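Presented below is the structure to which this report refers.
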Amino acid sequence: MASQNSSASGSSQNTGPGNHLYCYHNEIAPLRVVRFQGPKMGKRFYGCSFWPRTCGFFRWADEVNDEHEMRFLLLEKDTKIAELEHEIDMLQLKLKEVETKNAELEDLVHEVGIECTKRRLIMESTSADKKMGFYLVASWILFAIMFWLV
């Protein structure tokens, strides 16, 4: 029985509501046990519900569980990938915002630098004008003192 059905095993798993397995007749595939003597005796399997007029559907029960686990893991991985892709999109938006803010701040720093340079030049010229005025007044006083002494 098991060897006959294992040779006709299908390539896709038919699952429906409640995670039941469905045979190719679209009927719930019952869980059965190998009863013939041999190395597979006692092993559980799902087969066509119309045995012995079988549609060829056959799955070992442990393979079904492995498939369910793999599908669950695949779903978890797909979910994680979607979350990470969303996070990447959000980080790219944030990066664009930061780059824009950085450009604005660089422009502001450049403008402030120009303004500081202008003010420094004004202060230096004012300071030089003050020094020149001081020296001019001092030279007049010195000239006046020398003129009186002569």
Side-chain angles (χ1 to χ4, degrees), residues 1-140:
M1 173 175 146
S3 61
Q4 176 187 359
N5 286 338
S6 64
S7 64
S9 65
S11 61
S12 64
Q13 177 171 320
N14 301 331
T15 58
N19 288 331
H20 292 291
L21 288 176
Y22 287 77
C23 73
Y24 301 127
H25 291 113
N26 211 19
E27 297 288 331
I28 294 176
L31 181 63
R32 299 180 176 171
V33 177
V34 175
R35 297 177 195 252
F36 295 109
Q37 292 293 332
K40 301 207 188 251
M41 183 174 176
K43 191 167 182 179
R44 300 174 337 149
F45 67 95
Y46 292 93
C48 177
S49 58
F50 292 111
W51 175 258
R53 296 176 309 151
T54 180
C55 63
F57 179 79
F58 176 84
R59 291 281 188 278
W60 289 113
D62 56 353
E63 290 174 4
V64 170
N65 290 336
D66 290 345
E67 285 182 38
H68 284 301
E69 288 176 26
M70 290 299 160
R71 286 180 190 219
F72 179 74
L73 290 173
L74 182 62
L75 179 63
E76 281 184 333
K77 298 294 181 188
D78 287 344
T79 303
K80 184 67 175 177
I81 287 170
E83 289 172 356
L84 291 172
E85 286 173 344
H86 177 70
E87 187 176 345
I88 286 170
D89 291 341
M90 298 307 294
L91 289 172
Q92 286 174 340
L93 287 174
K94 184 137 185 138
L95 177 62
K96 286 180 183 178
E97 291 175 6
V98 168
E99 287 173 343
T100 302
K101 183 75 172 181
N102 187 35
E104 292 172 359
L105 290 174
E106 285 176 352
D107 291 342
L108 183 62
V109 165
H110 182 69
E111 291 172 12
V112 167
I114 291 171
E115 187 64 31
C116 286
T117 302
K118 288 179 183 177
R119 290 185 187 252
R120 189 180 52 148
L121 290 173
I122 292 170
M123 289 175 54
E124 287 175 359
S125 66
T126 305
S127 177
D129 290 343
K130 286 180 184 178
K131 287 180 184 176
M132 187 178 249
F134 173 74
Y135 290 135
L136 185 60
V137 171
S139 65
W140 286 344

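The analysis underlying the following values was restricted to heavy atoms, covering all of them including side chains, and did not include hydrogens, waters or symmetry mates. If you're wondering where the values come from, they're calculated on a predicted model, not measured in any experiment.
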- Message: Show, in sequence, the C-alpha distance, side-chain angles and deciding distance for Ile28 and Tyr46, and conclude whether the side-chain contact (heavy atoms from CB on, under 4.5 Å) test is met.
- Response: CA-CA 9 Å; Ile28 294 176; Tyr46 292 93; over 6 Å; no
- Message: Check Glu115 with Arg119, please: is the shortest side-chain N to carboxylate O separation under 4.0 Å?
- Response: yes
- Rounded distance (nearest 0.5 Å) linking atom CZ of Phe50 with atom CD of Glu27: 4.5 Å
- Kindly indicate, with the supporting measurements, whether the criterion side-chain contact (heavy atoms from CB on, under 4.5 Å) is fulfilled by Glu83 and Glu87. CA-CA 6 Å; Glu83 289 172 356; Glu87 187 176 345; over 6 Å; no
- Task: Please assess Lys40 against Phe45 for the test side-chain contact (heavy atoms from CB on, under 4.5 Å), listing each intermediate value before the final yes or no.
- Result: CA-CA 10 Å; Lys40 301 207 188 251; Phe45 67 95; over 6 Å; no
- How many angstroms lie between atom NZ of Lys77 and atom CG of Leu75, to the nearest 0.5 angstrom? 11.5 Å
- Can you tell if the side chain of Leu93 reaches within under 4.5 Å of the side chain of Asp89, non-hydrogen atoms only? no
- Separation between CD (Glu99) and CG (Leu95), nearest 0.5 Å, reads 4.0 Å
- Task: Check Ser49 against Cys23 and note the closest heavy-atom contact, atom names and distance.
- Result: OG-SG, 3.9 Å
- Item | Straight-line distance of Met132 CE to Ser139 OG, nearest 0.5 Å | 10.5 Å
- Task: Working to the nearest 0.5 Å, report the span between CZ of Phe36 and CE of Met41.
- Result: 10.5 Å
- Message: Are the side chains of Thr100 and Glu104 in contact, using a 4.5 Å heavy-atom criterion?
- Response: yes
- Task: Indicate yes or no: at least one non-hydrogen side-chain atom of Trp60 is less than 4.5 angstrom from one of Phe58.
- Result: yes
- Message: Under the criterion side-chain contact (heavy atoms from CB on, under 4.5 Å), I'd like the reasoning laid out for Lys80 against Leu84: C-alpha separation, chi angles, the key distance, then a yes or no.
- Response: CA-CA 6 Å; Lys80 184 67 175 177; Leu84 291 172; 4.1 Å; yes
- Message: If I compare all heavy atoms of Cys55 with all of Cys48, which pair ends up nearest, and what's the gap?
- Response: N-SG, 3.5 Å
- Query: Which distance, rounded to the nearest 0.5 Å, do you find between the CZ of Arg44 and the CZ of Arg32?
  - Reply: 14.0 Å
